[in-house]
Amino acid sequence: MAGSKTYYLTTPIYYVNDVPHIGHAYTTLACDVLARFMRLDGYDVRFLTGTDEHGQKVEKSAMAAGIAPQEFTDRVSQNFRDLVGLMNYSNDDFIRTTEPRHVKSVQALWKRLQDRGEIYLGSYAGWYSVRDEAFYGEDELTTTPTGRKIAPTGAECEWVEEPSYFFRLSAWQDRLLAFYEQNPDFILPPGKRNEVVAFVKSGLKDLSISRTTFKWGIPVPGDEAHIMYVWLDALTNYITAVGYPETEGGDYAKYWPADLHMVGKDILRFHAVYWPAFLMAAGLEPPKRVFAHGWWTIEGQKMSKSLGNVIAPETLVNTYGLEQTRYFLLREVPFGNDGDFSHRAMVNRINGDLANDYGNLVQRVLSMIGKNCGAAVPQPGPFTEADERLLGSAHGLLDAVRREIQVQAFHKVLDTVWAVIGDANRYVDEQAPWALRKTDPARMATVLYVLAETIRHLGILTQPIMPAASARILELLGQGEDARGFDRLGPAGALVAGTPLPTPQGVFPRYVEDAKS
RNA sequence: GGCAGCGUAGCUCAGUGGUAGAGCAGGGGAAUCAUAAUCCCUUGGUCGGGGGUUCAAAUCCCUCCGCUGCUACCA
């Protein structure tokens with residue numbers, strides 16, 4: 001079944017100058033859910049994440065720490081690898097831009113661009129602040145009465161020129177616009193797409209793609225005084241990981257172009273403008289989609305080191321639980337929007353959605369089966385209209401959820417699934433199996449069967465979001481690991497009466513506040 | 001400044017011409033299988049202000065107010 005359909009998706013590679021926070025965890029989580037979904041749906045998935053390890057900031061940080069840049073990145077990159085275990089990510093690869101495979105790939109891409117006449121040597125000139133180690137635009141500067149140029153930071157700037165290689169980005173403006181036109185879903189969400197299109201329409205200048213002012217980067221082939229612009233280096237990781245420069249056969253032929261690059265909104269331009277331009281210029285196919293998601297605030301405030309409110313993923317997982325954290329991040333906010341993380345909202349989701357709605361549904365049904373049906377899947381009789389209706393909504397979930405997954409609308413996926421959870425809870429109350437136990441045990445068995453079968457669907461479909469908790473639910477229904485794919489949804493994989501079931505145990509505990517103040 | 005978007009119930013949002021919606025929060029009730037969970041009913045909005053088009057406007061047009069994003073080379 002796998003083999004024909006492939007799905008290649010990537011997170012950004014994270015800059016090692018930072019420690020992982022909720023934003024990093026969020027980006028990779030969204031990808032993990034997609035990757036798990038597509039695998040369950042029968043796709044051959046390649047899910048890539050990794051770390052971006054070159055650049056001036058890394059060089060400086062390493063120097064400040066008194067160690068070599070490579071040693072520094074080895075150390076900090078590990079923080080992001082640790083995140084994989086903590087958050088239960090299912091990535092197939094973890095790339096580092098300091099790996100030989102990547103250096104080889106980037107240099108090959110450079111040569112290819114150069115051979116095609118897309119790169120030329122020029123000089124980069126601008127107002128440079130030695131103190132800030134940054135260039136500023138003319139309009140950002142203020143001029144003193146004596147004619148000195150002052151940066152917004154207050155630092156004095158001087159006019160400097162340095163040799164630099166340029167990429168002929170200006171030549172790609174029209175072809176980029178045509179590409180956006182022909183691929184209206186290339187950039188999501190739509191608001192972000194409009195911003196990119198407006199930016200490109202406003203005119204593109206050639207892009208400086210080499211640096212001579214520091215050393216920590218990949219050397220330009222044939223001119224080692226230059227190292228490559230970090231974004232050219234970083235973006236190339238997406239093809240390195242599928243074997244570039246080998247493009248005939250192998251993983252490149254199988255997986256490229258990528259189906260999705262997931263990015264934070266701050267790095268959209270690099271992915272939606274520069275990257276497709278680089279690729280088209282090299283005669284390679286651009287990716288199919290770039291999705292720019294939003295940012296999290298914390299209790300209504302912007303996350304910042306100075307405020308000291310940066311949340312480490314580890315804190316969330318330890319405080320609220322992994323499954324709960326994964327659920328909250330994708331449920332609370334329409335994916336693509338900015339969102340706010342608050343303790344109150346988190347507890348509401350944990351107790352309302354998970355413990356009360358979903359967890360309690362599973363518990364009340366399995367517990368009745370355990371007590372009244374000999375701890376085995378009950379034998380159903382003929383289905384009533386109400387039975388068919390509930391089963392029908394369960395059977396219809398996959399198609400509905402697929403539609404939302406295709407546009408990365410995770411919140412709607414959960415909305416859709418929870419609608420069925422609501423249907424199931426109403427059905428329990430309407431059918432009142434506890435009353436049927438005395439009046440019509442056969443009917444009670446049918447009702448509990450219908451509910452168990454509905455829960456089987458819920459368990460299978462919540463696997464991408466909450467893999468561990470869903471696995472536990474499926475175990476409670478006696479469904480082994482080979483019975484959890486989407487091909488088992490619908491009547492084909494229906495529970496078999498008489499299958500023995502383990503004693504039910506709560507899956508989503510309530511969050512109880514510490515007794516205090 | 002320019003361009004774009006937003007402003008709908010206490011909160012988060014859906015609704016783009018035809019009698020104001022959902023979830024959560026608040027109030028009342030039912031039930032007792034279950035993690036005191038569930039189910040039903042319900043309070044609550046002059047849809048940012050003003051003007052206009054229309055038989056009819058949250059929805060179209062104008063204007064004002066407020067908020068946000070983008071306006072390239074640190075990543």
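Lettering of chains follows the sequences in order, A, B, ..., and the numbering in each one begins at 1.
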Enumerate the protein-to-nucleotides 11-14 of chain B contacts in which both atoms are nitrogen or oxygen and the separation is below 3.5 Å.
none

Of the options [options], whose atoms approach the side-chain atoms of [X] most closely?
{"X": "A:Arg426", "options": "B:rC33, B:rC39, B:rC73", "value": "B:rC39"}
{"X": "A:Trp434", "options": "B:rU32, B:rC70, B:rU35", "value": "B:rU32"}
{"X": "A:Leu169", "options": "B:rU35, B:rC33, B:rA72", "value": "B:rA72"}
{"X": "A:Phe270", "options": "B:rA75, B:rU35, B:rA34", "value": "B:rA75"}

Inter-nucleotide [atom1] distance ([N], [M]), Å rounded:
{"N": "B:rG44", "M": "B:rA20", "atom1": "P", "value": "15 Å"}
{"N": "B:rC41", "M": "B:rG5", "atom1": "C1'", "value": "39 Å"}
{"N": "B:rA25", "M": "B:rU68", "atom1": "P", "value": "30 Å"}
{"N": "B:rC39", "M": "B:rU54", "atom1": "C1'", "value": "45 Å"}
{"N": "B:rG23", "M": "B:rA14", "atom1": "P", "value": "16 Å"}
{"N": "B:rC61", "M": "B:rG17", "atom1": "P", "value": "12 Å"}
{"N": "B:rA58", "M": "B:rG52", "atom1": "P", "value": "15 Å"}
{"N": "B:rU42", "M": "B:rC24", "atom1": "P", "value": "15 Å"}

Write down the distance between [atom1] ([X]) and [atom2] ([N]), rounded to a whole number of angstrom.
{"X": "A:Asp423", "N": "B:rC39", "atom1": "CG", "atom2": "P", "value": "10 Å"}
{"X": "A:Asp266", "N": "B:rC70", "atom1": "CG", "atom2": "P", "value": "9 Å"}
{"X": "A:Asn194", "N": "B:rU71", "atom1": "CG", "atom2": "P", "value": "14 Å"}
{"X": "A:Arg168", "N": "B:rA72", "atom1": "CZ", "atom2": "C1'", "value": "19 Å"}
{"X": "A:Ile119", "N": "B:rC73", "atom1": "CD1", "atom2": "P", "value": "20 Å"}
{"X": "A:Glu195", "N": "B:rU68", "atom1": "CD", "atom2": "C1'", "value": "10 Å"}
{"X": "A:Asn351", "N": "B:rU38", "atom1": "CG", "atom2": "P", "value": "10 Å"}
{"X": "A:His271", "N": "B:rC73", "atom1": "NE2", "atom2": "C1'", "value": "16 Å"}

Would you mind classifying the nucleic acid contact of [X] as base, sugar-phosphate or nothing, using non-hydrogen atoms under 4.0 angstrom?
{"X": "A:Phe199", "value": "base"}
{"X": "A:Tyr229", "value": "sugar-phosphate"}
{"X": "A:Leu204", "value": "base"}
{"X": "A:Gly203", "value": "base"}
{"X": "A:Trp231", "value": "base"}
{"X": "A:Asn348", "value": "sugar-phosphate"}
{"X": "A:Gly359", "value": "base"}
{"X": "A:Asp52", "value": "sugar-phosphate"}
{"X": "A:Val362", "value": "nothing"}

[X] with [Y]: basic N within carboxylate O range, under 4.0 Å:
{"X": "A:Arg168", "Y": "A:Glu118", "value": "no"}
{"X": "A:Arg426", "Y": "A:Asp423", "value": "yes"}
{"X": "A:Arg326", "Y": "A:Glu323", "value": "no"}
{"X": "A:Asp357", "Y": "A:Arg349", "value": "no"}

Practice prompt. Using a cut-off of strictly less than 4.0 Å between a heavy atom of the residue and any atom of RNA chain B, enumerate the qualifying residues of residues 206-217 of chain A by number.
Written response: A:Leu207, A:Ser208, A:Arg211

Both distances under 3.5 Å, Watson-Crick or G-U wobble: report the partner of [N], or none.
{"N": "B:rC13", "result": "B:rG21"}
{"N": "B:rG7", "result": "B:rC65"}
{"N": "B:rG1", "result": "B:rU71"}
{"N": "B:rG44", "result": "none"}
{"N": "B:rC39", "result": "B:rG29"}

Discussion item. Could you walk me through whether A:Phe335 and A:Phe291 satisfy the ring pair (Phe, Tyr, Trp, His ring centres under 6.0 Å) test, starting with their C-alpha distance in whole Å, then the side-chain angles of each, then the deciding distance to 0.1 Å, before giving a yes or no?
Written reply: CA-CA 10 Å; A:Phe335 195 69; A:Phe291 193 107; 5.0 Å; yes

In terms of ring plane angle, is the pair [X] and [Y] parallel, tilted or perpendicular, where the classes change at 30° and 60°?
{"X": "A:Phe341", "Y": "A:Phe328", "answer": "perpendicular"}
{"X": "A:Phe80", "Y": "A:Tyr14", "answer": "parallel"}
{"X": "A:Tyr327", "Y": "A:Trp418", "answer": "tilted"}

Practice prompt. For A:Met368 and for A:Arg269, find the nucleotide of RNA chain B with the closest heavy atom, then tell me which residue's nucleotide is more 5'.
Written response: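 In this pair, the answer is A:Met368.
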
Practice prompt. Hey, which sits more toward the 5' end of RNA chain B by its nearest nucleotide, A:Ala355 or A:Gly352?
Written response: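 With A:Gly352 and A:Ala355 compared, the 5'-side residue is A:Ala355.
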
Worksheet item: Got A:Val220 and A:Met228 here, is their nearest side-chain heavy-atom distance under 4.5 Å?
Response: yes

Fill in: Partner residues of A:Gln431 under the side chain to side chain donor-acceptor pair (under 3.5 Å) criterion, sequence neighbours left out
A:Arg443

Practice prompt. Would you kindly say whether A:Thr97 and A:His102 are connected by a side-chain donor-acceptor distance under 3.5 Å?
Written response: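 Short answer, no.
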
Practice prompt. Apply the test ring pair (Phe, Tyr, Trp, His ring centres under 6.0 Å) to residues A:Phe270 and A:Trp275: give CA-CA distance (whole Å), side-chain angles for both, the deciding distance (0.1 Å), then the verdict.
Written response: CA-CA 6 Å; A:Phe270 302 99; A:Trp275 181 227; over 10 Å; no

Practice prompt. Look at A:Lys371 and B:rA34 and indicate whether a side-chain polar atom (N or O) is within less than 4.0 Å of OP1 or OP2.
Written response: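 Yes, such a contact exists.
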
Worksheet item: When you check the phosphate oxygens OP1 and OP2 of B:rA37, does a side-chain N or O of A:Arg510 lie under 4.0 Å from one of them?
Response: yes

Discussion item. Ignoring hydrogens and geometry beyond distance, is the side chain of A:Asn356 in donor-acceptor contact with the base of B:rA37 at under 3.5 Å?
Written reply: no

Practice prompt. Examine distances only and state if a side-chain atom of A:Glu59 and a backbone atom of A:Phe214 form a donor-acceptor pair shorter than 3.5 Å.
Written response: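 Side chain of A:Glu59 to backbone of A:Phe214, a donor-acceptor pair under 3.5 Å: no, none is there.
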
